[in-house]
Asker: 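Handing you a structure now.
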Amino acid sequence: MDIDARIKRRRRRGGGPRLVEDYEALAPVTHLDEPSDRGPVLERLLDHLDPVFDGRLPPNAYVHGPRGSGKTAVVTALFGHLERLSTQTQSVIYTSTRAGSPSAPGFVYVDARETHSEFAFYHRVLDALVDERVPEHGVGTEEIRGRLHDRVDRSRGGVVVGVDHVGAPEDTEAERLVDLFAGLPSNASWLAIGRTPPGETALSEYTATTVHVEPYRRQVLVDVLMARASAGLARQALTHELARRIADWADGNAHDALAALFVATDRANRDGRDRLTPADVDAAIAEVPVPSVSLGRVLALPANKQLVLRELVDLDADERASVTATTDAVSAAVDLSAGTVKRYLYELAESGVVERVQAEQQHGKGRPPSRVELRFPPTAFRRLYDLRQE
DNA sequence: GATCCACGGGAATACACGGATG
DNA sequence: CATCCGTGTATTCCCGTGGATC
């Protein structure tokens with residue numbers, strides 16, 4: 001680690017007791033390389049991917065389960081390991097055969113929250129497969145798709161594309177994805193991950209396998225919390241008792257549990273304490289909305305939308321009394337036009353990041369305004385956002 | 001010069017209310 | 001009394017433009 005980072009860490013804790021060893025390790029959006037206690041799911045995913053170990057492609061698949069059940073945690077970890085294995089195998093083969101064509105399938109993880117357009121999707125997959133940088137401008141979608149086909153057709157093993165956070169069924173999301181997947185090379189198969197049960201999404205009509213992920217059981221969730229605490233907090237900072245308290249409340253949702261731990265930690269840290277108290281935990285639990293949108297989703301938003309949210313979390317009640325008032329307050333602080341800020345707010349409400357709550361109509365004239373309420377814990381967002389700006 | 005996409009801006013539509021109208 | 005209309009506000013929808021990048 002370089003000296004700057006060491007100094008920064010010292011300054012940040014200001015010589016007081018060091019509660020937080022590592023905010024990143026503690027963050028609800030971070031996934032550990034070895035997720036705890038998702039063994040059975042891992043086994044079923046490996047069963048599905050088994051053909052890979054004979055150099056063949058598995059069929060398409062759909063993984064589904066409720067919020068915070070560890071879908072992303074297990075898939076990112078698994079794909080990470082497989083990709084590492086794959087590149088190692090490739091280099092072995094590369095040195096022992098004359099052709100440079102790799103035989104082990106590649107594994108690419110794509111977060112649909114960050115790749116909205118067709119261009120972005122193919123770009124992401126191609127970028128993960130090749131060493132050279134893939135241009136983001138000046139070249140059309142078809143060109144990128146063509147390059148991707150070339151690259152994958154040349155490989156013998158093909159590629160498995162994992163697409164996480166695929167959307168709700170009502171919109172045309174499933175249709176769009178099917179088209180997107182149809183544009184992949186023939187030597188590719190996909191694994192989609194979402195919350196929608198298979199019967200309710202057209203996606204499952206194209207898959208041979210579906211894997212269901214169950215919510216965490218209470219004791220397992222306690223273990224998850226304790227593992228996080230030991231990765232990111234000072235020793236003894238989180239007691240078993242408090243972890244149980246969080247787990248009871250979170251009801252199997254690891255995201256919300258970790259968010260509560262994160263907020264509680266922030267509170268204790270601000271007060272200069274070196275361990276969490278029941279009051280910290282209670283306050284944190286009160287701050288996490290139910291239902292809440294995942295912080296990963298918030299932090300995957302375009303930069304300027306996050307900027308708007310960053311201002312929003314610092315506004316006081318009367319500045320949030322209506323969309324118009326909020327627009328005025330935010331656009332005064334930010335280099336965006338009022339029109340854009342307002343549109344953002346409506347779009348954020350549409351996607352569930354914030355919620356519009358209609359005011360009790362008071363001043364007779366006109367349609368009654370609605371105020372904007374957060375669907376995520378503001379303390380957690382504030383801290384994570386600020387950390388990422390450094 | 002080509003391309004993507006974030007912004008900006010404005011038109012169209014929805015909603016609430018009170019008063020006018022049949 | 002039921003319905004329509006005008007006004008004012010909120011919300012949704014759409015698309016052209018331009019910055020950034022290759």
Side-chain angles (χ1 to χ4, degrees), chain A residues 108 110-151 161 163 165 167-168 170-173 175-177 179-181 183-184 293 297-312 315 317-375 385 388-389:
Chain A
V108 177
V110 179
D111 190 342
R113 296 182 301 202
E114 295 169 342
T115 48
H116 302 106
S117 68
E118 213 183 337
F119 177 87
F121 178 72
Y122 298 124
H123 181 276
R124 181 60 157 256
V125 179
L126 179 60
D127 193 48
L129 290 174
V130 301
D131 291 332
E132 66 267 21
R133 266 174 47 77
V134 183
E136 294 179 52
H137 298 271
V139 46
T141 306
E142 281 311 304
E143 167 70 18
I144 294 291
R145 211 167 63 86
R147 287 196 207 178
L148 175 61
H149 278 246
D150 287 350
R151 169 61 182 77
V161 183
V163 186
H165 304 111
E170 323 86 56
D171 34 60
T172 51
E173 176 75 0
E175 285 288 325
R176 204 180 63 81
L177 284 168
D179 288 347
L180 218 49
F181 294 159
L184 286 171
V293 65
R297 176 122 161 267
V298 180
L299 293 164
L301 291 167
N304 278 339
K305 276 191 178 163
Q306 290 191 54
L307 184 61
V308 167
L309 288 175
R310 182 63 186 84
E311 291 300 325
L312 180 58
L315 297 184
D318 55 317
E319 287 171 316
R320 285 198 217 164
S322 73
V323 172
T324 308
T326 306
T327 299
D328 292 346
V330 170
S331 61
V334 152
D335 186 26
L336 288 169
S337 79
T340 298
V341 171
K342 182 172 275 191
R343 181 167 55 78
Y344 279 5
L345 289 172
Y346 282 117
E347 285 176 4
L348 290 166
E350 180 66 30
S351 63
V353 174
V354 300
E355 186 175 11
R356 288 190 296 113
V357 182
Q358 207 173 72
E360 313 72 71
Q361 52 274 32
Q362 319 145 338
H363 34 281
K365 54 187 173 187
R367 188 172 175 170
S370 44
R371 69 177 182 282
V372 174
E373 289 194 349
L374 308 175
R375 300 313 293 173
Y385 180 89
R388 278 161 174 66
Q389 302 307 306

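Here is how names work: the chains are called A, B, and so on, in the same order as the sequence lines, proteins then strands, and each is numbered from 1.
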Asker: Are the side chains of Arg147(A) and Val139(A) in touch, meaning some heavy atoms are under 4.5 Å apart?
Answerer: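 Counting from C-beta outward, Arg147(A) and Val139(A) do come under 4.5 Å.
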Asker: Extract from the structure each pairing of a protein N or O with an N or O of nucleotides 10-14 of chain B at less than 3.5 Å, listing the distance.
Answerer:
| residue | atom | partner | partner atom | Å |
| --- | --- | --- | --- | --- |
| dA14(B) | N3 | Arg367(A) | NH1 | 3.1 |

Asker: Take Leu348(A) and Leu312(A) through the side chain to side chain contact (heavy atoms under 4.5 Å, CB included) test and state the conclusion after the steps.
Answerer: CA-CA 12 Å; Leu348(A) 290 166; Leu312(A) 180 58; 5.9 Å; no
Asker: Given atom CD of Glu118(A) and atom C1' of dC5(B), what is their separation to the nearest angstrom?
Answerer: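 Glu118(A) atom CD is separated from dC5(B) atom C1' by 14 Å.
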Asker: For Asp328(A) and dT9(C), what is the distance between atoms CG and C1' respectively, to the nearest whole Å?
Answerer: 14 Å
Asker: Does dT12(C) have OP1 or OP2 sitting under 4.0 Å from an N or O in the side chain of Tyr346(A)?
Answerer: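 Looking at the OP1 and OP2 atoms of dT12(C), neither is under 4.0 Å from any side-chain N or O of Tyr346(A).
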Asker: Using a 4.0 Å heavy-atom cut-off across all strands, classify Phe119(A) as base, sugar-phosphate, or nothing.
Answerer: sugar-phosphate
Asker: State, with a plain yes or no, whether a side-chain heavy atom of Asp328(A) is found less than 4.5 Å away from one of Thr324(A).
Answerer: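 Yes, their side chains come closer than 4.5 Å.
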Asker: What is the distance, rounded to the nearest whole Å, between atom CG of Leu345(A) and atom P of dT11(C)?
Answerer: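 To the nearest whole Å, that distance equals 10 Å.
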Asker: Please produce a list of atom pairs where a protein N or O lies less than 3.5 Å from an N or O of nucleotides 17-22 of chain C.
Answerer:
| residue | atom | partner | partner atom | Å |
| --- | --- | --- | --- | --- |
| dC22(C) | OP1 | Arg133(A) | NH2 | 2.7 |
| dC22(C) | O4' | His137(A) | O | 3.4 |

Asker: Taking all non-hydrogen atoms of both residues, which atom of Gln306(A) and which atom of Leu299(A) are closest, and how far apart?
Answerer: NE2-O, 3.0 Å
Asker: Between Glu142(A) (CD) and dT3(B) (P), how many Å, whole number?
Answerer: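 In whole Å, dT3(B) P and Glu142(A) CD are 11 Å from each other.
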Asker: Sort and list the pairs that fulfil side chain to side chain donor-acceptor pair (under 3.5 Å) and have at least one residue in residues 127-142 of chain A, not counting sequence neighbours.
Answerer: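 For residues 127-142 of chain A: Glu142(A)-Arg145(A).
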Asker: Quick one: Arg145(A) CZ to dC4(B) C1', roughly how many Å, whole number?
Answerer: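 Going from CZ in Arg145(A) over to C1' in dC4(B) covers 17 Å.
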Asker: Evaluate the side chain to side chain contact (heavy atoms under 4.5 Å, CB included) criterion for residues Arg176(A) and Leu180(A): first the C-alpha distance (whole Å), next the side-chain angles of each, then the deciding distance (0.1 Å), finally the verdict.
Answerer: CA-CA 6 Å; Arg176(A) 204 180 63 81; Leu180(A) 218 49; 4.3 Å; yes
Asker: Where is the tightest heavy-atom contact between Val293(A) and Val353(A), given as atom of each residue plus distance?
Answerer: CG1-CA, 4.0 Å
Asker: Just N and O in the side chain of Thr141(A): are any of them under 4.0 Å from OP1 or OP2 of dT3(B)?
Answerer: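 Looking at the OP1 and OP2 atoms of dT3(B), neither is under 4.0 Å from any side-chain N or O of Thr141(A).
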Asker: Under 4.0 Å, counting only non-hydrogen atoms across every strand here, what does Ser322(A) touch: a base, just sugar-phosphate, or nothing?
Answerer: nothing
Asker: Let me know the distance between CD of Gln306(A) and P of dA6(B), rounded to the nearest Å.
Answerer: 13 Å
Asker: What integer distance in Å separates Glu114(A):CD from dC5(B):P?
Answerer: 14 Å
Asker: Taking any heavy-atom pair under 4.0 Å as a contact, classify Thr340(A): base, sugar-phosphate, or nothing.
Answerer: base
Asker: Take atom NZ of Lys342(A) and atom P of dA6(B), then tell me their distance rounded to the nearest Å.
Answerer: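 It is 22 Å, rounded to the nearest whole Å.
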Asker: At under 4.0 Å between heavy atoms, what does Gly140(A) touch on the DNA or RNA strands: base, sugar-phosphate, or nothing?
Answerer: sugar-phosphate
Asker: Please step through side chain to side chain contact (heavy atoms under 4.5 Å, CB included) for the pair Ile144(A) and Leu148(A), ending with a clear verdict.
Answerer: CA-CA 6 Å; Ile144(A) 294 291; Leu148(A) 175 61; 5.6 Å; no
Asker: Under 4.0 Å between a side-chain N or O of Thr324(A) and OP1 or OP2 of dA10(C)?
Answerer: yes
Asker: Tell me the closest heavy-atom pair linking Tyr385(A) and Leu307(A), and the distance in Å.
Answerer: OH-CD1, 3.5 Å
